[in-house]
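What follows is a short report on a single structure.
Naming: A, B, ... by sequence-line order, numbering from 1 per chain. Side-chain atoms are counted along with the backbone in the values below, which use heavy atoms only and exclude waters and symmetry mates.
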2 protein chains.
Amino acid sequence: MVNMSFSTYNSPSLEDALHIIRDALSRHMLTVLFGNCRVEYEGRASSTLEWGVRLVILKADGSVLIHRPTGYEPVNWQPPGSSFRVEVLDDNLKLTAVRSQPKEILNIFFSQIHHILTSSLADTGEFSLYVSELDMKKAILASPSLIEEGFHPLSAEKEAGEAGFVDVFGEDRNGNLVIIEIKRVQAGKDAVLQLKRYVDALRGKFNRPIRGILVAPEIQKDAQFLLAVNNLEFKQLSPRACYDVLKTFKVKKLSEFLT
Amino acid sequence: MVNMSFSTYNSPSLEDALHIIRDALSRHMLTVLFGNCRVEYEGRASSTLEWGVRLVILKADGSVLIHRPTGYEPVNWQPPGSSFRVEVLDDNLKLTAVRSQPKEILNIFFSQIHHILTSSLADTGEFSLYVSELDMKKAILASPSLIEEGFHPLSAEKEAGEAGFVDVFGEDRNGNLVIIEIKRVQAGKDAVLQLKRYVDALRGKFNRPIRGILVAPEIQKDAQFLLAVNNLEFKQLSPRACYDVLKTFKVKKLSEFLT
DNA sequence: ACGTCGATCTCGAAC
DNA sequence: GTTCGAGGTCGACGT
């Protein structure tokens, strides 16, 4: 069956499949194969997958996905940028996807191909994810009063020695240093410990009082306790508030805020 | 076209698609939809995806994958364990995938379905990845001389306070304590720092000399330097050597080695 | 090009 | 159940 934007083929011979796939790949079409195959992979690791019927997706950018009937993740794959080769040898159709940097090779051997779908679709529909941790950081830098009146950011990604990088580093209206750790979702003990590591790491380096503030939409009960024990603070900040701020500011880069 | 193990449908009406999908889902079949759709997601984050033609995969375990023509990752998805609802409203077919813990909802609205593939396949083919970090640990515990003659493992996952858990903890032929950090691939500075944290954390707790050994197939130049600076050691260990050891020992559990 | 870090991370194992 | 760490992580951003 053929249409403007896609074609499907039922139970083609391996020879027919060879030509269909070659043609589709040369035109950078999305190609979906459904058939009995085994897979070999060698690169950062090595793996083998014995015979079974799977869904194989070849994308326009050189990605390959091999999916079994369960699980979110593909059992084997190749990231974007791979180049393909198809051939028929003995009783198999062999599909090879190679990438360099790192050098990795994926071989798929089909004994039978039940179904092929090819499509040249473009899909220009816009995708928008509402708030990421980066968005929350941008919102705080754009509108520091989200934290408290008088808060003044000094830097983003402040290094705290071996402890890593502080999300936002600044000072409050009283001249105290402020270390902010941001979590996009409910904060747990891990976030508190992370904040504590940053505060401890920087405490010795400045001759000024340091406050540590955990910023998140909500916080777990035990994390709240752990905060109090360590003399740290919690500031509730909803993704919605950040979204509203960003909508008015429309900012691209973090550095634009740091003067 | 119908076959023992799979069926395909071209350009079904939304009403027909409704029945096909419902039937397939009730039988826990793999279902692949190709059509024009928009997507809403709300849960750990929120997102919208405007109209476009995509490949939608519904798996037997309740996973959903929505793939665009490029990229390794699905643009939207639902992890295994989701439950489905399908309905036709106005001019759309609405497919809902909900999961709890955490509460997440995915809505896919199709204006047109170009193609459907359903299959009840099982796919029992075995998948084997050759060496994991756990395999390397097992290999070291099974054959400690992979590290050096006279090395004797005392425990796996030895706690080192706040620093975390040591991969392998033991002693050498001279009675020095040995802390081993394993990397399955080329070791970087992060691995050195991790090893250093373990050594520092345990140094105060024992009245014996402590050696820190980074075990990996290879090591980055700067990591090598960082090792030397901190008086730590590197022991090269190839995945292949571990694979060979495991092949002969064929071991299941870590604890079998610790006496 | 490389390194670092977030992710609707996913996945498995240990507790 | 939760927590923790690995992943052929991927992908984005900064250098």
Side-chain angles (χ1 to χ4, degrees), chain A residues 39 41-47 61 63-66 70-82 99 101-106 127 129-138 156-157 159 164-167 182-185 188-190 193-194 220 222-223 239 252-255, chain B residues 39-47 49 63-66 70-82 97 99 101-106 127 129-137 156-157 159 164-167 181-186 188-191 193-194 220-223 239 253-255:
Chain A
V39 183
Y41 156 76
E42 179 108 26
R44 286 169 291 180
S46 313
S47 71
D61 61 351
S63 325
V64 184
L65 305 168
I66 302 172
T70 60
Y72 163 86
E73 295 186 330
V75 58
N76 276 113
W77 72 93
Q78 201 69 291
S82 310
R99 78 157 170 163
Q101 205 71 34
K103 180 80 178 173
E104 293 191 292
I105 190 164
L106 182 73
F127 176 74
L129 187 73
Y130 286 141
V131 278
S132 62
E133 185 177 310
L134 182 61
D135 288 330
M136 293 182 72
K137 191 191 296 188
K138 284 180 182 172
E157 302 292 345
E159 187 169 5
F165 289 83
V166 171
D167 283 336
I182 301 169
K183 286 292 157 192
R184 197 176 41 74
V185 292
K189 283 184 291 186
D190 55 338
L193 292 174
Q194 198 169 339
Q220 285 172 9
D222 50 356
K252 288 266 159 66
K253 297 186 86 178
L254 280 180
S255 50
Chain B
V39 183
E40 295 172 352
Y41 156 75
E42 177 111 26
R44 286 167 294 178
S46 313
S47 71
L49 176 62
S63 325
V64 185
L65 305 168
I66 302 173
T70 60
Y72 163 86
E73 294 187 330
V75 58
N76 277 113
W77 72 92
Q78 200 71 291
S82 310
R99 77 156 173 164
Q101 202 72 29
K103 180 80 177 174
E104 293 192 292
I105 190 163
L106 182 73
F127 175 76
L129 188 74
Y130 285 143
V131 278
S132 62
E133 185 174 313
L134 182 60
D135 287 331
M136 293 182 71
K137 191 191 296 190
E157 302 292 342
E159 189 170 4
F165 289 84
V166 171
D167 282 336
E181 172 65 20
I182 301 170
K183 287 292 158 191
R184 199 173 43 73
V185 290
Q186 187 182 61
K189 284 186 292 186
D190 56 334
L193 292 173
Q194 198 170 339
Q220 287 173 7
K221 211 71 189 282
D222 51 356
K253 303 183 83 174
L254 281 179
S255 52

Side-chain heavy atoms of [X] within contact of [Y], under 4.5 Å:
{"X": "B/W77", "Y": "B/S63", "result": "no"}
{"X": "A/E133", "Y": "A/K138", "result": "no"}
{"X": "A/Y130", "Y": "B/S47", "result": "no"}
{"X": "B/I105", "Y": "B/Y41", "result": "no"}
{"X": "B/R99", "Y": "B/Q78", "result": "yes"}

Which whole-number value in Å describes the distance from [X] [atom1] to [N] [atom2]?
{"X": "A/R99", "N": "D/dG11", "atom1": "CZ", "atom2": "C1'", "value": "12 Å"}
{"X": "A/Y130", "N": "C/dA7", "atom1": "OH", "atom2": "P", "value": "17 Å"}
{"X": "B/E42", "N": "C/dT8", "atom1": "CD", "atom2": "P", "value": "14 Å"}
{"X": "B/L65", "N": "C/dT8", "atom1": "CG", "atom2": "C1'", "value": "13 Å"}
{"X": "B/K221", "N": "C/dG3", "atom1": "NZ", "atom2": "C1'", "value": "18 Å"}
{"X": "B/D167", "N": "D/dA6", "atom1": "CG", "atom2": "C1'", "value": "11 Å"}
{"X": "A/K137", "N": "C/dT4", "atom1": "NZ", "atom2": "P", "value": "16 Å"}
{"X": "B/Q186", "N": "D/dG7", "atom1": "CD", "atom2": "P", "value": "15 Å"}

Which part of the nucleic acid, if any, lies within reach of [X] when heavy atoms closer than 4.0 Å are counted: base, sugar-phosphate only, or nothing?
{"X": "A/N76", "answer": "base"}
{"X": "A/P102", "answer": "nothing"}
{"X": "A/S132", "answer": "sugar-phosphate"}
{"X": "B/P74", "answer": "nothing"}
{"X": "B/P80", "answer": "sugar-phosphate"}

Give a yes/no on whether any side-chain N or O of [X] is located under 4.0 angstrom from OP1 or OP2 of [N].
{"X": "B/Q101", "N": "D/dT2", "value": "yes"}
{"X": "A/W77", "N": "D/dC10", "value": "yes"}
{"X": "A/Q220", "N": "D/dT2", "value": "no"}
{"X": "A/R184", "N": "C/dG6", "value": "no"}

Legend entry - Separation of the C1' atoms in D/dG8 and C/dA14, to the nearest angstrom: 25 Å
Out of [options], which nucleotide sits closest to the side chain of [X]?
{"X": "A/L129", "options": "C/dT8, D/dT3, C/dA7", "result": "C/dT8"}
{"X": "A/Q78", "options": "C/dC11, D/dG8, D/dC10", "result": "D/dG8"}
{"X": "B/S47", "options": "C/dT8, C/dC11, C/dT4", "result": "C/dT8"}
{"X": "A/A45", "options": "D/dA6, C/dT10, D/dG8", "result": "D/dG8"}
{"X": "B/Y72", "options": "C/dT10, D/dC10, D/dA6", "result": "D/dC10"}
{"X": "B/Y41", "options": "D/dG8, C/dT8, D/dC13", "result": "C/dT8"}
{"X": "B/R44", "options": "D/dT2, C/dT8, C/dT4", "result": "C/dT8"}

Inset, instruction - Dump the intermediate steps for side chain to side chain contact (heavy atoms under 4.5 Å, CB included) on B/L106 and B/I66, then the final yes or no. - result: CA-CA 11 Å; B/L106 182 73; B/I66 302 173; 4.2 Å; yes
Inset, instruction - Could you check B/K183 against B/E73 and say which one's nearest nucleotide on DNA chain D is further toward the 5' end? - result: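 Final value for this comparison: B/K183.
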Legend entry - Nearest-nucleotide comparison on DNA chain D, the residue closer to the 5′ end among B/G71 and A/D190: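 Whichever sits nearer the 5' end wins; that is A/D190.
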Legend entry - Residue list, ring pair (Phe, Tyr, Trp, His ring centres under 6.0 Å) with B/F127, at least two apart or on another chain: none
Inset, instruction - Look at the side chain of A/E133 against the base of C/dG6 and say whether a donor-acceptor pair falls under 3.5 Å; ignore hydrogens and angles. - result: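 When only heavy-atom distances are counted, A/E133 does not reach the base of C/dG6 through any donor-acceptor pair under 3.5 Å.
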Inset, instruction - Assign each of A/V131 and B/D222 to its nearest nucleotide of DNA chain C by heavy atoms, then name whichever residue's nucleotide is nearer the 5' end. - result: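 The 5'-side residue here is B/D222.
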